[in-house]
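A, B, ... follow the sequence lines: proteins, then strands. Residue 1 opens every chain.
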There are 2 protein chains.
Amino acid sequence: MAIKRQTATVKLLWEQFEESRDALSVVYLVKHLKVAMNKSTVYRILDRMEESGKLHSFIGKNGLKWYAKCQDCSSENHIDIHPHFQCNGCGKVECLTEEIKIPKISKHQIQLAQVLLLGKCETCLN
Amino acid sequence: MAIKRQTATVKLLWEQFEESRDALSVVYLVKHLKVAMNKSTVYRILDRMEESGKLHSFIGKNGLKWYAKCQDCSSENHIDIHPHFQCNGCGKVECLTEEIKIPKISKHQIQLAQVLLLGKCETCLN
DNA sequence: TTTATATTTGCAACTTGGTTGCAATAGTAA
DNA sequence: TTACTATTGCAACCAAGTTGCAAATATAAA
Ligand SMILES: [Mn+2]
Ligand SMILES: [Mn+2]
Ligand SMILES: [Zn+2]
Ligand SMILES: [Zn+2]
């Protein structure tokens, strides 16, 4: 179900995403939120925010679930598909704006491409 | 540690991969092997086969771990990097031979690209 | 402002994928 | 055959994510 009510917890979680283009893992949020919040609540709010077109989610390199802010999505269309970069040093995940050309695969219908680039971020390079 | 001894369990697991270019999830192997095998054993053997350059692993769409046969790898170099396709219908995962061009990202050093294409496989399209 | 209702939350218990320590077993080379 | 080390099974564990339910609360109607 999408977000129906603007609760304190919803606002608090949304603030975490508002500033940056970085993604946040659910595990991180459950552990490090200023105001502690039950983990089911965190999972459920993020889920609803995704359904509402506010956030998108993906799986990081260790199988953890990450969320980040959408740019121009709505409940009806989620168009914010892009590659993600995860730093092997510090673990940080960024949304990228670069387009990646996906080839046609014969006899397959491709509906979605998940691209995760792994490497060193700016901070960890220096 | 890499594979040191050719045990019955190692042989049995290897046979699962030998024929096809399809990947197999650990969960599937633990559940459906003809000769039942302890799950720690399965995890450990797959791990060693990867270290030996016989298999490569990646994370599928639900965060599960998958393995597939390498073509030309060894302990020393794992060069078998390619995109994977997972069917949204039947869940099957295939290794693809197509090359995907990864753009340079400024101020980032990219070490590895994980590409997972999701869609419908040949069987599920018909 | 008060009331009514549906949504949201916390909690505790659960499920599932994956890991670990250790004692028993079994390849392999001598 | 023996000796040595790698491998296995087992049981217990850990961590991420899910679920059912009763209590709390946002919001709209009265
Ligand atoms: Mn993103
Ligand atoms: Mn592959
Ligand atoms: Zn970094
Ligand atoms: Zn299919």
Side-chain angles (χ1 to χ4, degrees), chain A residues 1-17 23-68 75 84 86 91 93 114 116, chain B residues 1-17 23-68 75 84 86 91 93 114 116:
Chain A
M1 209 195 306
I3 294 273
K4 295 265 174 70
R5 289 180 188 183
Q6 205 59 18
T7 64
T9 40
V10 167
K11 272 179 229 161
L12 182 72
L13 266 177
W14 177 243
E15 285 167 15
Q16 306 303 118
F17 291 95
L24 298 169
S25 71
V26 188
V27 168
Y28 171 85
L29 287 168
V30 167
K31 225 167 285 177
H32 295 89
L33 275 178
K34 302 109 219 292
V35 179
M37 193 178 306
N38 186 272
K39 74 172 168 171
S40 320
T41 306
V42 176
Y43 279 102
R44 291 192 274 222
I45 291 178
L46 294 173
D47 203 48
R48 276 182 274 141
M49 287 171 100
E50 184 167 29
E51 262 215 48
S52 305
K54 299 294 189 186
L55 299 178
H56 59 277
S57 71
F58 55 93
I59 305 289
K61 65 168 173 165
N62 304 121
L64 293 202
K65 195 162 193 185
W66 292 73
Y67 283 88
S75 289
H84 293 99
Q86 183 160 24
V93 176
Q114 275 181 25
L116 182 64
Chain B
M1 210 195 304
I3 294 274
K4 295 263 174 70
R5 290 179 188 183
Q6 205 59 19
T7 65
T9 38
V10 167
K11 272 179 231 162
L12 182 72
L13 266 177
W14 177 243
E15 285 167 15
Q16 306 304 116
F17 290 96
L24 299 169
S25 72
V26 188
V27 168
Y28 171 84
L29 287 169
V30 168
K31 225 168 283 176
H32 296 14
L33 275 179
K34 303 109 219 291
V35 179
M37 193 178 305
N38 186 273
K39 75 171 170 171
S40 320
T41 306
V42 176
Y43 278 102
R44 290 193 275 221
I45 291 178
L46 294 173
D47 204 47
R48 276 182 274 141
M49 287 170 100
E50 184 167 29
E51 262 216 49
S52 305
K54 300 295 187 184
L55 299 179
H56 59 277
S57 72
F58 55 93
I59 306 289
K61 66 168 171 164
N62 304 121
L64 292 203
K65 195 161 193 186
W66 292 73
Y67 283 88
S75 289
H84 293 99
Q86 182 160 23
V93 176
Q114 276 180 24
L116 182 64

Exercise. With the side chain counted from C-beta on, respond yes when A:M37 and A:L13 share a heavy-atom pair under 4.5 Å apart, and no when they do not.
Key: yes
Self-check item: Within-4.5 Å side-chain heavy-atom neighbours: B:Y43 and B:L29
Solution: no
Exercise. Only counting residues at least two apart or in another chain, list the ones meeting side chain to side chain donor-acceptor pair (under 3.5 Å) with B:T7.
Key: B:T9
Quiz item: Which value, rounded to the nearest 0.5 Å, describes the distance between A:I3 atom CD1 and A:K54 atom NZ?
Solution: 9.0 Å
Self-check item: From B:Q114 atom CD to A:I59 atom CD1, the distance as rounded to the nearest 0.5 Å
Solution: 11.0 Å
Exercise. Any pair with a residue in residues 32-41 of chain A that passes side chain to side chain donor-acceptor pair (under 3.5 Å), sequence neighbours left out, goes on the list, sorted by first then second residue, please.
Key: A:N38-A:S40
Quiz prompt | Terminal axis angle for the helix from C:dT1-D:dA30 to C:dA30-D:dT1, five pairs an end, nearest 10 degrees | solution = 30°
Quiz item: Does some side-chain heavy atom of A:F58 sit less than 4.5 Å from a side-chain heavy atom of B:L116?
Solution: no
Quiz item: For A:L64, what residues pass the side chain to side chain contact (heavy atoms under 4.5 Å, CB included) criterion, not counting sequence neighbours?
Solution: A:V27, A:W66
Self-check item: Rounded distance (nearest 0.5 Å) linking atom CD of A:Q16 with atom CG of A:L55
Solution: 11.5 Å
Self-check item: Point-to-point distance, once rounded to the nearest 0.5 Å, from CD1 of A:I45 to OG of A:S52
Solution: 11.5 Å
Exercise. Rounded to the nearest angstrom, tell me the gap between atom CZ in A:F58 and atom P in D:dG17.
Key: 12 Å
Exercise. Treat primed atoms plus P, OP1 and OP2 as sugar-phosphate and everything else as base, then score nucleotides 4-9 of chain D 5' to 3': B for base contact with protein heavy atoms under 4.0 Å, S for sugar-phosphate contact only, - for none.
Key: -BBSBB
Quiz item: Earliest and latest nucleotide of DNA chain C, 5' to 3', sitting under 4.0 Å from a non-hydrogen atom of chain B?
Solution: C:dG17 to C:dT28
